[in-house]
Amino acid sequence: MCIALIGGMDRLGKHYLEEAERAGVKLQFFSTSETNIAAKLRKADAMVIFTNKVSHRVKIEAMQVAKANNIPVLMEHACGVCTFRNCLECLAHNSH
């Protein structure tokens, strides 16, 4: 499973990757706005959006991709590692 994490803090990137690896998930981490992010998000099996650390434009773009490609999305305001861990558990629980 490949999860796209949109938002979050650069300094926690290593920890997000460790949590994803622990859960057996491949992680794409987008902490800043990137060119052609829509094409990169289409490959994801699920998305986690940390709404307090992402621009409104990127959030809208991600939601459009998710809707068009039937990708599940979890949105959280907090962007800590514990929040991300909870999102991974929720996604794992819902995929069974």
Side-chain angles (χ1 to χ4, degrees):
M1 177 181 247
C2 179
I3 294 177
L5 174 58
I6 302 135
M9 292 188 272
D10 286 330
R11 67 183 176 85
L12 294 179
K14 180 180 80 167
H15 300 290
Y16 298 141
L17 290 166
E18 288 170 358
E19 287 299 323
E21 192 175 304
R22 196 173 293 135
V25 170
K26 182 178 179 248
L27 182 68
Q28 294 178 295
F29 178 45
F30 304 99
S31 62
T32 58
S33 182
E34 294 191 21
T35 57
N36 206 12
I37 193 170
K40 296 170 186 170
L41 293 175
R42 281 189 201 105
K43 299 174 183 124
D45 297 310
M47 290 183 204
V48 175
I49 302 175
F50 287 150
T51 57
N52 68 335
K53 292 291 180 185
V54 70
S55 73
H56 194 65
R57 182 189 59 78
V58 172
K59 184 187 118 186
I60 289 171
E61 193 174 345
M63 292 303 293
Q64 288 171 342
V65 171
K67 188 174 182 179
N69 295 284
N70 208 23
I71 300 170
V73 178
L74 287 175
M75 283 196 266
E76 293 288 339
H77 184 72
C79 62
V81 175
C82 194
T83 303
F84 181 61
R85 187 180 308 126
N86 292 341
C87 290
L88 289 174
E89 289 172 8
C90 183
L91 290 168
H93 180 72
N94 289 335
S95 68
H96 293 290

- So does K40 have more than 12 non-hydrogen atoms from other groups sitting under 6.0 Å from NZ? yes
- Of the non-hydrogen atoms in N69 and R42, which two are nearest, and what is the gap between them? ND2-CG, 3.5 Å
- Please name the pair of heavy atoms, one in G8 and one in K53, separated by the smallest distance, quoted to 0.1 Å. N-CB, 3.5 Å
- Query: Hey, quick one: are V81 and F29 part of the same hydrophobic cluster, counting side-chain heavy atoms closer than 4.5 Å, chains of contacts allowed?
  - Reply: yes
- Is there a chain of hydrophobic side chains (I, L, V, M, F, W, Y, each step under 4.5 Å between heavy atoms) that links F50 to M63? no
- Message: Is the shortest side-chain heavy-atom distance between L41 and F30 below 4.5 Å?
- Response: yes
- Hey, any chance V58 and Y16 share a hydrophobic cluster, counting ILVMFWY side chains that come within less than 4.5 Å of each other, even indirectly? no
- Task: State the SG-CD1 distance between C79 and I6, to the nearest 0.5 angstrom.
- Result: 14.0 Å
- Task: Supply the atom-to-atom distance Q28 CD to C2 SG, rounded to the nearest 0.5 angstrom.
- Result: 4.0 Å
- Can you establish whether the number of heavy atoms outside E18 located under 6.0 Å from its atom CD is more than 12? yes
- The single option from L91, I71, D45 passing side chain to side chain contact (heavy atoms under 4.5 Å, CB included) against I3: L91
- Task: List the steps and the verdict of side chain to side chain contact (heavy atoms under 4.5 Å, CB included) for L12 and F84.
- Result: CA-CA 11 Å; L12 294 179; F84 181 61; over 6 Å; no
- Group every Ile, Leu, Val, Met, Phe, Trp and Tyr by side-chain heavy-atom contacts under 4.5 Å, then state whether L88 and L5 land in the same group. yes
- Query: Taking the side chain as C-beta and beyond, is there a heavy-atom pair between M47 and V65 under 4.5 Å?
  - Reply: yes
- Smallest separation among heavy atoms of H77 and T51, with atom names: CA-OG1, 3.4 Å
- Message: How long is the straight-line distance from CD of E19 back to CD of E89, given to the nearest 0.5 Å?
- Response: 8.5 Å
- Message: Taking M9 as the starting point, is it possible to reach M75 by hopping between hydrophobic residues whose side chains are less than 4.5 Å apart?
- Response: no
- Task: Run the salt-bridge test on E61 and R57 with the 4.0 Å N-O cut-off and return the result as yes or no.
- Result: yes
